[in-house]
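Below you'll find the structure, written out as structure tokens, and then a few comments.
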Amino acid sequence: MSNKRLLPLGLAALAVALCTAVGFVSSGTAAPRATFKAGLVSDVGRFNDKGFNQNQLTGMKRAAKQLKIQYRAVESRSAADYLPNMASLARAGYNIVISAGFLLSDATEDVADQFPNTKFAITDFPVQAFKRKHSNVEGLTYATNQNSYLIGCLAAHVAASRGKKNISMVGGQSIPPVVIFGAGYKAGAQRCVKGTTVQIQYSEDFIDQAKCKNIAENQIDAGSQVVFSVAGPCGLGALDAAKERGRWGVGVDVDQSYLGPHILTSAVKRVDTGIVLAVKGAKSGKGFKAGGNLVFNLKNGGVALGKFSPKAHLKKAWLTQLNTLKKQIISGKLKPPTTVG
């Protein structure tokens, strides 16, 4: 884990940090007398990232409406904001506080120790990966190697039909929830079209679009016909490069077909559903896996493929193969890797 560990803050320091670090971007009350309160803390991508963080906020809003609870969403502008943002919600009596991703794992572990009577959940981090055991934390994990396997297969066919067996992925930070996409993507491509080259590079950045665009341009120069973006807002630069150079792009987290017909498909990750179920379980007292994980995969619809571009003119044989592979993954007969081989 590459995160720098954050030391717990004293109560006085937290009060000071609250004045400067916390950005309350939205809050709501679904019922005037709602007493259950749920909080969500973004990573540095913030809630206007058009994907990962924003979709979790969408889930929180849906939970508030369906369950008639209060919610508050807090933006983090830097890693130093994670711990004070989470602690401020816990101190304010929020019943569940949710961390929007792997980058908040160290802060989540520290704040869970400080507030043992508060429930916590974290997206993209299994509880077994914490340094200590926590009976008040639930992991929300996504088997994105599964839908990425199918996308790799499709991308390889599309690339081969252009006469070049070469595809690529631009990742953000090389952390497990990003690497797992590339693992499935590469394995699926090489399963369906033997000899396919799969370029995988990381920007080590989730924000700077220029960095991801530069990597994608280099990959295209090296022959890539399909560019898979797994880098949050930074990845929009990679998709721009694909569009400008007449290559296919693959979106991530949400269906990014809205960007244009150059988006072949997207690796959809239902982090919104994860938020709803975490809040529902915490409120009802049933379904909240304290010290365990909620797992989202192809079988339960937690991961999926987005719309196919109408300009792709996908062959029936390719789609038939995708359906066969999907059934094999769901049955457990086929198990896509979680690390890049």
Side-chain angles (χ1 to χ4, degrees), residues 123-124 126 128 139-162 164-169 171 176-200 224-230 248-257 263-274 277 289 292-310 312-341:
T123 299
D124 274 347
Q128 293 82 1
L140 308 175
T141 62
Y142 296 82
T144 51
N145 54 326
Q146 296 184 350
N147 55 341
S148 295
Y149 189 95
L150 302 179
I151 290 172
C153 176
L154 180 62
H157 280 305
V158 169
S161 71
R162 289 186 164 199
K164 291 189 177 182
K165 298 180 179 181
N166 195 318
I167 64 176
S168 63
M169 186 189 95
V178 174
V179 172
I180 192 174
F181 281 97
Y185 184 62
K186 181 178 180 179
Q190 295 182 339
R191 161 74 177 267
C192 293
V193 181
K194 303 298 182 184
T196 298
T197 295
V198 183
Q199 305 176 58
I200 299 178
S224 177
Q225 302 300 303
V226 182
V227 179
F228 185 14
S229 160
V230 189
W248 290 107
V250 174
V252 74
D253 294 329
V254 297
D255 188 338
Q256 292 189 300
S257 59
I263 302 300
L264 178 63
T265 187
S266 301
V268 175
K269 181 176 179 178
R270 298 302 304 273
V271 291
D272 55 332
T273 300
L277 292 180
K289 293 199 172 184
N293 305 306
L294 289 181
V295 180
F296 300 91
N297 50 34
L298 283 176
K299 185 175 183 178
N300 60 25
V303 300
L305 271 62
K307 297 176 184 175
F308 297 131
S309 172
H313 304 298
L314 303 178
K315 294 181 179 180
K316 184 178 179 179
W318 300 348
L319 298 178
T320 298
Q321 185 177 29
L322 290 189
N323 286 330
T324 298
L325 293 174
K326 180 179 178 180
K327 290 177 181 178
Q328 290 176 347
I329 292 172
I330 289 174
S331 70
K333 181 179 180 180
L334 173 60
K335 297 183 179 182
T338 57
T339 57
V340 179

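Computation of the quantities below employed the complete heavy-atom set of this structure, encompassing side-chain atoms and omitting hydrogens, waters and symmetry-equivalent molecules. If you read the sequence from its start, that first residue is 1, and numbering goes on from there.
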Within the distance-only criterion (no hydrogens, no angle test), does the side chain of Thr141 pair as donor or acceptor with the backbone N or O of Pro126 below 3.5 angstrom?
no

Would you say the side chain of Leu140 lies within less than 4.5 Å of the side chain of Val271, judging by non-hydrogen atoms?
no

Which value, rounded to the nearest 0.5 Å, describes the distance between Leu264 atom CG and Ser309 atom OG?
7.0 Å

Does any pair with a residue in residues 329-341 pass side chain to side chain donor-acceptor pair (under 3.5 Å), and if so which ones, sequence neighbours excluded?
none

Contacts of Thr273 meeting side-chain contact (heavy atoms from CB on, under 4.5 Å) (sequence neighbours excluded), chain-then-number -> Arg62, Arg270, Leu277, Phe296

Under the 3.5 angstrom rule, does the side chain of Lys269 hit a backbone N or O of Val252 as a donor-acceptor pair?
no

Donor-acceptor pairs under 3.5 angstrom involving side-chain atoms of residues 144-160: please list them, not counting sequence neighbours.
unit_1, atom_1, unit_2, atom_2, d
Asn145, ND2, Pro336, O, 2.9
Asn145, ND2, Pro337, O, 3.3
Gln146, OE1, Leu298, N, 2.9
Asn147, ND2, Val268, O, 3.0
Asn147, ND2, Ala304, O, 2.9
Ser148, OG, Thr144, O, 2.7
Tyr149, OH, Arg191, NH1, 3.3
His157, NE2, Gln321, OE1, 2.7

Does a side-chain heavy-atom distance below 4.5 Å link Ile330 with Lys327?
no

Applying side-chain hydrogen bond (donor to acceptor under 3.5 Å, both in side chains) to Thr123 and not counting sequence neighbours gives Gln56

Holding to side-chain hydrogen bond (donor to acceptor under 3.5 Å, both in side chains), I want the full list of residues that pass it with Gln128, two or more places apart in sequence or in another chain.
Asn293

Pairing residues for Asp253 by the side-chain hydrogen bond (donor to acceptor under 3.5 Å, both in side chains) criterion, not counting sequence neighbours:
none

Please set out all donor-acceptor pairs under 3.5 angstrom arising from side-chain atoms of residues 177-189, sequence neighbours excluded.
unit_1, atom_1, unit_2, atom_2, d
Tyr185, OH, Ser168, O, 3.1
Lys186, NZ, Gly341, O, 2.8

Asn323: partners by side-chain contact (heavy atoms from CB on, under 4.5 Å), with sequence neighbours left out
none

Looking at CH2 of Trp248 and CD1 of Ile263, how far apart are the two atoms once the value is rounded to the nearest 0.5 Å?
9.5 Å

N/O donor-acceptor pair under 3.5 Å between Gln225 side chain and Asn166 backbone
no

My understanding is that only residues two or more places apart in sequence, or in another chain, count here; which of them pass side-chain hydrogen bond (donor to acceptor under 3.5 Å, both in side chains) with Ser257?
Asp255

